[in-house]
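Only this structure's heavy atoms are used, side chains among them; waters, hydrogens and symmetry mates stay out.
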Amino acid sequence: MNVVIVESPAKAKTINKYLGPGFTVLASYGHVRDLPAKDGSVRPDDDFAMDWEVDGKSAKRLAEIAQAVKTADKLILATDPDREGEAISWHVLQVLREKRALKSQPVERVVFNAITKQSVLEAMKKPREIDAALVDAYLARRALDYLVGFTLSPVLWRKLPGARSAGRVQSVALRLVCDREHEIEVFRPQEYWSIIARLATPRGEEFDARVVGFEGRKLGRLDVKTGGEATRIRDILQHAAISVASVDQKPVKRHPFPPFTTSTLQQSASYALGMSAARTMQVAQRLYEGVEIGGETVGLITYMRTDGVDIAPEGIAGIRKAISEDFGADYLPEVPRKYTAKAKNAQEAHEAIRPTDLARRPKDVAKYLEPEQARLYELIWKRTVASQMESAVLDRTTVEITALAGPERVDLRATGSVVRFDGFLALHAEGRDDEEDEETRRLPAVTRGELLARRKVTVDQHFTEPPPRFTEATLVKKMEELGIGRPSTYAATLQVLRDREYVTLDKRRLIPEDKGRLVIAFLESFFRRYVEYDFTADLEESLDKISADEASWKEVLRAFWAEFSAAIEQTRELRVADVLDAIDALLGAHIFPEKADGGDPRACPSCGSGRLSLKLGKFGAFIGCSNYPECRFTRQMQAAGADGEGGEGADGDGTRLLGTDPETGLEVTLRAGRFGPYVQLGEGDKPKRSSLPKTWSPAAMDLGKALALLSLPREVGPHPETGKPITAGLGRFGPFVLHDGTYANLPSPDEVFEIGINRAVALIAEKQAGGRRGRGTPAALKDLGEHPSLGAGSITVRDGRFGPYVNHGKINATLPKGMSPDTVTLDVAMALLAEKAAKSPVKPTRGAARASAPKAAATKAPATKAAASKTSTAKTASGGAKTEAKTTAAAKKPARAAKKKA
């Protein structure tokens, strides 16, 4: 019997079918070991020795793998074909050797880029050893991330209370977002005017032409600065003789885009499908691991973590066949197109993302897929096929026009294009952000010297706009352009920024929170080198050289650590006052925007004589007066509105008047408190207040919304059975309806103001169905079907008091932050439940209790004891056999003593 190790249970199930009897395929469920989250896990003074710890959820699975391997004829490591996959195989192998599960059995490493029967069987014929260079690259990256995080973060905690963490890549990504926000804040709009003439040919065909010259000088888009100059040009055009000066027509080819890489897939899925980077990767993972089609489970796309744009010969053959069948010979180039990766060093899995079989058209497989899967598969299929189609051919026309009124002359220009051969556009016309309208405008036929009639002349005033905030897609694109991080980690990096509450997403735009801006200001002031774009990109290049076996991972770490540890040492005597002064200077434009009346933005609005500056308190940064304690004026740090307009309409203390309550005549104001924005009715000792829901933007607040918040709790109506009132409101755990002590959650704050009596009664009834007043089992939001191996009822998605979760029997697993209940699939739910079960074995209880309840049982479980085992790795993976000292928490000191003695 041969034992095959892969990452996921879905992958294991599919490959087991392909290999048949004689093979047992087991899943590791991702990484099985990691560096413990504490000091000393990476020891630079001990030649970068690293301690590894098996987490609780992996201990049981590793025990099962070890048991199977003991009686196996061969161990085959078949994890993903990239650096992380190589690292998982290496970790599994190290653990099995520690457990003495391996004796004389041969160990093979196989890789395949697609989960199809042919790919898997071919891979089994071409085994190799674990790639030591890829493992070294993983060790170097993991050590660097640990050293930066666990060395720099404590400095942040000491010098900048309220800060959460810093990271090698996450901090640079955060700097990009903060720098863009700073550009928006300091941007000053510039006035300009456009003059467009509507003209007609002698045949009556109309078109638009733009003024591009006046009195012998060229006029760019921003060169007409005043309305007076624009009006003068318009007046000349109103009575000028207009004729065609020249016509230039030339063919232009537009070439297709390369097939998808990880980053371009994330970008296109965001533009075309509105999917986040993390969600795109989740759906792509499912397509890669396979779906059941016609009774057979098959992977639909190749591996989705790659920088490569090349396609294997068999893939090219399938694409060319599909083009011939669907579009004909005119759309098929004579030779296949060859693309080159733009990345400095392509990720370790080199082929582009493509369908495994181009004969599976999107319309044919859609019925087997969930809607998101079908849309993403169609996007990948079209991009792949289009990448090998003929170029589109366009006739681009430029018409130069002269308007003469006596000695005065105005030059105009009209441009447009006509598609002569659509080529790849027949399948995949992917939009471009910088595409001008005139690119697709069609012009009528005109000849040189031809007189043109004037229909009308339009003069419009414009103002330049600041650069747009990053979306996830544009940030990923920028990071790739700068060489920051690697595309396979972008989704995780963006998720960390949101989890740390350093950025928020508003209408798909990334907006830095104050705590994020504080962290970046601190790093730019005292660790500028480590958030510089060039430095981060150069370090990535060094790490890529390790994976290419062109550099030693420990030499790279030594060079980095020598400078980084010295920079940390220099901050040891740094005073908090110095930190505040530096941050105050860097963020002045953000914290103290210019006032509309020209007054001093730092003048204290309370005492009049004090100066406002940045202060630090128990809950983080805030603005305070220099005359403290005589003047106790404070406000929240953020003064600029979320829309980037600098808190327009706000007083010096951050208060913004929204209007007057028509019932009481009291003023309604929006204020910034220590715990977030809130609205207030009137003044006095105890005015009525209401905090803004997390999903509401302060910049979007108006009088109507404020009055609605202040009116809560709202009475929905009397219960038809009891006659007692049902109310709706906002509480500590979010929006709710309440009846006679029974609370039921609402999915959105907006529903508090809209819910009717029928839905409220239904929610209360569902909540009470559990038999305990106020704590019934929530109704299922989604039924995913029965567990394929355990049975015992359906797996469901439910909405609980602390957020959405998945349930099966007595086990509940909370959904990760940011995951929508609508996106949960059966495989995702099974993985979450398995992880929860491994952490917290369930005691027999009455009812469906949460798995996290029996904490005592979880702490005594054998899996948790096994999780305490650690391995100290002292030598590089490329050095062959490693010296490893296995210890347990109980025998930690004796083990270290034995190591020193040795």
Side-chain angles (χ1 to χ4, degrees), residues 504 506 514 604-607 617-620 622-625 631-643 647-719 724-757 760 763-764 774 801:
T504 56
D506 183 21
D514 282 340
C604 178
S606 180
C607 68
K618 181 179 179 182
F619 301 101
F622 65 96
I623 305 303
C625 180
C631 177
R632 293 180 173 272
F633 171 82
T634 61
R635 69 167 168 82
Q636 198 178 30
M637 178 183 140
Q638 186 170 358
D643 58 357
E648 186 177 351
D651 295 334
D653 62 351
T655 299
R656 177 155 66 96
L657 178 63
L658 298 176
T660 302
D661 179 14
E663 292 187 9
T664 64
L666 298 174
E667 289 185 342
V668 179
T669 52
L670 173 68
R671 300 172 180 243
R674 180 165 289 183
F675 301 103
Y678 64 93
V679 290
Q680 178 173 308
L681 178 65
E683 299 290 343
D685 293 336
K686 293 184 178 180
K688 187 166 186 179
R689 295 172 173 171
S690 179
S691 296
L692 268 63
K694 288 186 177 181
T695 56
W696 286 25
S697 168
M701 285 300 295
D702 55 28
L703 179 61
K705 290 183 176 180
L707 291 174
L709 281 176
L710 292 167
S711 69
L712 298 178
R714 161 182 165 259
E715 185 168 328
V716 180
H719 194 288
K724 294 182 179 180
I726 298 177
T727 56
L730 294 170
R732 181 181 178 187
F733 302 107
F736 64 87
V737 287
L738 168 66
H739 169 254
D740 195 22
T742 299
Y743 289 83
N745 294 335
L746 295 174
S748 165
D750 295 334
E751 197 165 352
V752 171
F753 310 102
E754 303 167 356
I755 189 169
I757 190 67
L763 288 174
I764 294 293
R801 183 180 182 186

So do the side chains of [X] and [Y] get within less than 4.5 Å of each other, counting heavy atoms only?
X	Y	answer
Leu681	Pro687	no
Ile726	Leu738	no
Phe622	Asp514	no
Cys631	Ser606	yes

For the pair Gln680 (side chain) and Gly682 (backbone), establish whether a donor and an acceptor sit closer than 3.5 Å, ignoring hydrogens and angles.
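Yes; at least one donor-acceptor contact below 3.5 Å.
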Can I get a per-line list of side-chain donor-acceptor pairs under 3.5 Å for residues 707-716, giving both atom names and the distance, sequence neighbours left out?
residue	atom	partner	partner atom	Å
Ser711	OG	Ala708	O	2.6
Arg714	NH1	Val752	O	2.7
Arg714	NH2	Ile755	O	3.0

Measuring from [X]:[atom1] to [Y]:[atom2], what's the distance to the nearest 0.5 Å?
X	Y	atom1	atom2	result
Leu703	Asp661	CG	CG	7.5 Å
His739	His719	NE2	NE2	4.5 Å
Phe736	Leu730	CZ	CG	7.5 Å
Phe633	Cys625	CZ	SG	8.0 Å
Lys705	Ser690	NZ	OG	13.5 Å

Steps toward salt bridge (charged side-chain N to carboxylate O under 4.0 Å, His left out) verdict (Arg671, Glu683):
CA-CA 12 Å; Arg671 300 172 180 243; Glu683 299 290 343; 2.5 Å; yes
Give the C-alpha distance, both sets of side-chain angles, the deciding distance and a yes or no for side chain to side chain contact (heavy atoms under 4.5 Å, CB included) between Met701 and Val679.
CA-CA 9 Å; Met701 285 300 295; Val679 290; 3.9 Å; yes
Stepwise, does the side chain to side chain contact (heavy atoms under 4.5 Å, CB included) test hold for Leu763 with Asn745?
CA-CA 8 Å; Leu763 288 174; Asn745 294 335; over 6 Å; no
Nearest non-hydrogen partners of Trp696 and Asp750, listed with the distance:
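Smallest heavy-atom distance, with atoms named: NE1-OD1, 3.3 Å.
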Step by step, would you call Leu658 with Thr669 a side chain to side chain contact (heavy atoms under 4.5 Å, CB included)?
CA-CA 5 Å; Leu658 298 176; Thr669 52; 5.9 Å; no
